[in-house]
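To start, the structure under review is shown below, and the notes come after it.
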Amino acid sequence: MPELPEVETMRRGVAAVVGARIVDLIRPRSALRPILFAPRWDRLKRRALGQSIVATGRAGKRLVFELSGGNRLVIEPRMTGLALLSDPPTDEHVRLRMMLAGAATRQFLFWDRRGLGTVRLVSPAEYLARYGPDHLGPDALSVTADQLRTRLGRSRRAVKVALLDQRAVAGIGNLYAAEILHVARIHPARPCDRLTAPQWQAIAAAARAVLSEAIRHEGSTLADGTYRNALNQAGSYQNHHLVYGRAGSPCSTCGGESIARIVQSQRSTFFCPACQAAGRRRRRKLCTTGPDTV
DNA sequence: CCCCAGTCCTGCGGGC
DNA sequence: TGCCCGCAGGACTGGG
């Protein structure tokens, strides 16, 4: 499930497209069901054809290709989308094939098993409207405690649910929200408006630490094997997960209690009831020593 | 405005 | 053995 580290790994993995000219766009017949193209396929193809890719970027969990004409191609992998320069896992779910000239790679593929992903060609104005600061918060890789507190400090939502709000902070999904709160030693159900300044510091520090470490390991490839880098290789951060997907296993941080699973907003949340206790004094004590150790 | 439930989609694993 | 159902969670929509 591509979140910030996986999309950043995709972005780095497709660096060879920079400088390339788009000489053809193909929507393979093998794609049983077309995914969302915006504008509609014919128009998107016409507007992208002949353009050069001048830079790559990332907007939260989206991969961005900046085109020579000023427009951007924004690829949103959602659950199962992959950005590939190599052969895809299966031919069946290739949604977009871009043929390139003048660079180190001859093609770029967007593969998406479930077809929830999107591909959008947007003008500068559309980009700002859709991915500007009104809709996308500061990037989670460099988010500060002040930014989090300004955006969420008065919210009564559970902190784990709030961290998934892309308008508040961009790039965190279900998996990394759990890992970040574990490192910050904060209970996922804690209301935002009851978090202290040191706790926001702990969350911001944990976000930067966990996400950069996950990038270093090229993201998380879960048991379903969906996430792959640009060369169709698995990441390894799943081997470093402390809580996600580990319900019932002993907590490797405290060595004692087993990891719990609860449901918040119809999504699984994993945490350690001991390290991330709901009790006030305990958490305050732990958070002063917690985040710096990572 | 704030927040939650429902929706899309495919593949997999549990239960019977 | 085979089928069915629930679950996985990105972002978005509609409504309280």
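Reckoned from all heavy atoms, side chains included, excluding hydrogens, waters and symmetry mates. Each chain gets a letter, A, B and so on, in the order the sequences are listed, and its residues count up from 1.
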Exercise for review: Can you label the angle between the A/F65 ring and the A/F108 ring as parallel, tilted or perpendicular, going by 30° and 60°?
Suggested key: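 It falls in the perpendicular class, over 60°.
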
Practice item. Could you state whether A/I180 and A/L152 fall into the same hydrophobic cluster, counting links through intermediate Ile, Leu, Val, Met, Phe, Trp or Tyr residues with side-chain heavy atoms under 4.5 angstrom apart? Key: yes

Would you indicate, yes or no, if [N] has its OP1 or OP2 atom less than 4.0 angstrom from a side-chain nitrogen or oxygen of [X]?
X      : N      : result
A/R267 : B/dA5  : no
A/Y227 : C/dG9  : no
A/H135 : C/dA11 : no
A/S265 : B/dA5  : no
A/R113 : B/dT10 : no

Of the options [options], whose atoms approach the side-chain atoms of [X] most closely?
X      : options               : answer
A/R62  : C/dA11, B/dC9, B/dT10 : C/dA11
A/N174 : B/dC4, B/dT10, C/dG10 : C/dG10
A/R157 : B/dC3, B/dT10, C/dG10 : B/dC3

For the pair made of [atom1] in [X] and [atom2] in [N], what is the distance, rounded to whole Å?
X      : N      : atom1 : atom2 : value
A/Q166 : C/dG10 : CD    : C1'   : 9 Å
A/R154 : B/dC2  : CZ    : C1'   : 13 Å
A/E76  : B/dC8  : CD    : P     : 18 Å
A/R261 : C/dA8  : CZ    : C1'   : 10 Å
A/R120 : C/dC12 : CZ    : P     : 7 Å
A/I35  : B/dC8  : CD1   : C1'   : 13 Å
A/W111 : B/dT10 : CH2   : C1'   : 10 Å
A/Q266 : B/dC4  : CD    : C1'   : 8 Å

Review point. With a 4.0 Å cut-off on heavy atoms, is A/S268 in touch with a base, just the backbone sugar-phosphate, or nothing at all?
Key: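 Since only primed, P, OP1 and OP2 atoms lie under 4.0 Å of A/S268, the category is sugar-phosphate.
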
**Study point:** Whichever of A/R167 and A/G115 has its nearest DNA chain B nucleotide further upstream toward 5'
**Key:**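 Nearest-nucleotide comparison on DNA chain B picks A/R167.
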
Revision key, fill the gap. Taking for A/S155 and for A/R78 the nucleotide of DNA chain B with the nearest heavy atom, the one nearer the 5' end belongs to A/S155

Review point. Hey, is A/R157 close enough to A/D165 for a salt bridge, meaning N to O under 4.0 Å?
Key: yes

Review point. Any salt bridge between A/R58 and A/D139, counting N to O under 4.0 Å?
Key: yes

Exercise for review: Begin with the C-alpha distance, continue with both residues' side-chain angles, and end with the deciding distance and a verdict on side-chain hydrogen bond (donor to acceptor under 3.5 Å, both in side chains) for A/H241 and A/E179.
Suggested key: CA-CA 7 Å; A/H241 290 174; A/E179 294 297 318; 4.8 Å; no

